[in-house]
Amino acid sequence: MIVVASHRYAGRQIALPTRHGKQRVLARPLWHGLGLELRHAATVDTDTFGSFSGEISRPADALNTCRLKAEAGMRALALDLGIASEGAFGPHPAVPLLPVGREWMVFVDQRDHLVISEQLLCRTTNFSSCRASDPAAITGWLKQVGFPSHALMVRAHEPSAPTAPWLAKGVQDLIELADLMAAAAHRSPLGQAWLETDMRAHCNPTRRASIRQLAFQLVRRVASACPACGAPGWGVVSRVPGLPCSSCGLGTELIRFEQLGCVACDHTQLRPRRDGLISADPSQCPYCNP
Ligand SMILES: [Zn+2]
Ligand SMILES: [Zn+2]
């Protein structure tokens, strides 16, 4: 991979809008990887672009929401570079019992009209919910979700009103949790509190680690130049299935190539899988193992 001369962004400033402490996660990767100075766009209310706790829905899909947030930060600080991130949590698409996180991060270069993004599927997440009347009944769950280093949100368990307002978010104290659960249980027709992990970055060290990992991934991509036009942001744009079966040679659904692409021109390249796998086990083949 060709690396862009580091002076392209070195010494410039980049805006990050966040209400959740992400500046403490992103400053180092941007500085070490690109020589960029992070400026915190503290006046932008990022919750107006959607919140995890469900009160406000996103104005667009995750990547476009990210771009809109980055642009709001750039406007607030009158800068031509911006960055923003976005996360979502839910069941794994293929294994519904397994919780999974998705993180998106977008780098916007307004001067050169470039939008560069990366995303991450996070198998390590504490995303979970539970219902109970008091903390003593859920000691195992509290341990599993990393309480109290990872915060919780509490509301009454009301099956008829699953989006009822939260009594509290960012709860990291056991005595406070017990009081809130008692209050929530009192309001609940079933006498139970509904608890959910608070996924906001400042409340969730596991999520901060994912955001940090994605930041380094995005910085590497920004530092990679298109071999045709030299623009930054060269990287994987899609994955092409069809890895041949080792027994019959028929294409399987497994990934055969990664397609690399540019954000500024139409140049693309195919490259083989990075793990070196050149054929699929016949157990994965629709012909050998229908
Ligand atoms: Zn086969
Ligand atoms: Zn190009």
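Worth saying up front: this structure is predicted, and the values here are computed from it rather than measured. Whatever order the structure lists them in is the order used to number ligands and atoms, beginning at 1. Position 1 is the first residue of the sequence, and the numbers go up from there.
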- Message: Donor-acceptor check, side chain of Gln119 to backbone of Arg102, threshold 3.5 angstrom: yes or no?
- Response: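 Between the backbone of Arg102 and the side chain of Gln119 there is no qualifying donor-acceptor contact (under 3.5 Å).
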- Query: Side-chain contact, heavy-atom cut-off 4.5 Å: Asn126 with Gln144?
  - Reply: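 Contact flag for Asn126/Gln144 side chains = no.
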- Message: Measuring only between side-chain heavy atoms, which start at C-beta, is Ser128 closer than 4.5 Å to Trp141?
- Response: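 Of all side-chain heavy-atom pairs linking Trp141 with Ser128, at least one is under 4.5 Å.
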- Query: By residue and atom, what protein N/O/S atoms are less than 2.8 Å from the Zn ion (ligand 2)?
  - Reply: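 You should have found Cys226 SG, Cys229 SG, Cys262 SG, Cys265 SG.
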- Item | Residue that, paired with Arg207, satisfies side chain to side chain contact (heavy atoms under 4.5 Å, CB included) out of Glu103, His20, His202 |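 For Arg207, the side chain to side chain contact (heavy atoms under 4.5 Å, CB included) check succeeds only for Glu103.
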- Could you tell me the angle subtended at the Zn ion (ligand 1) by SG of Cys245 and SG of Cys288, rounded to 10°?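 Centred on the Zn ion (ligand 1), the SG/SG angle is 110° (to 10°).
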- Evaluate the ring planes of Tyr9 and Phe107, with Trp represented by its six-membered ring, and classify them as parallel (under 30°), tilted (30 to 60°) or perpendicular (over 60°).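 Perpendicular, since the angle between the ring planes exceeds 60°.
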- Partner residues of Asp134 under the side chain to side chain donor-acceptor pair (under 3.5 Å) criterion, sequence neighbours left out: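 For Asp134, no residue satisfies side chain to side chain donor-acceptor pair (under 3.5 Å) once neighbours in sequence are set aside.
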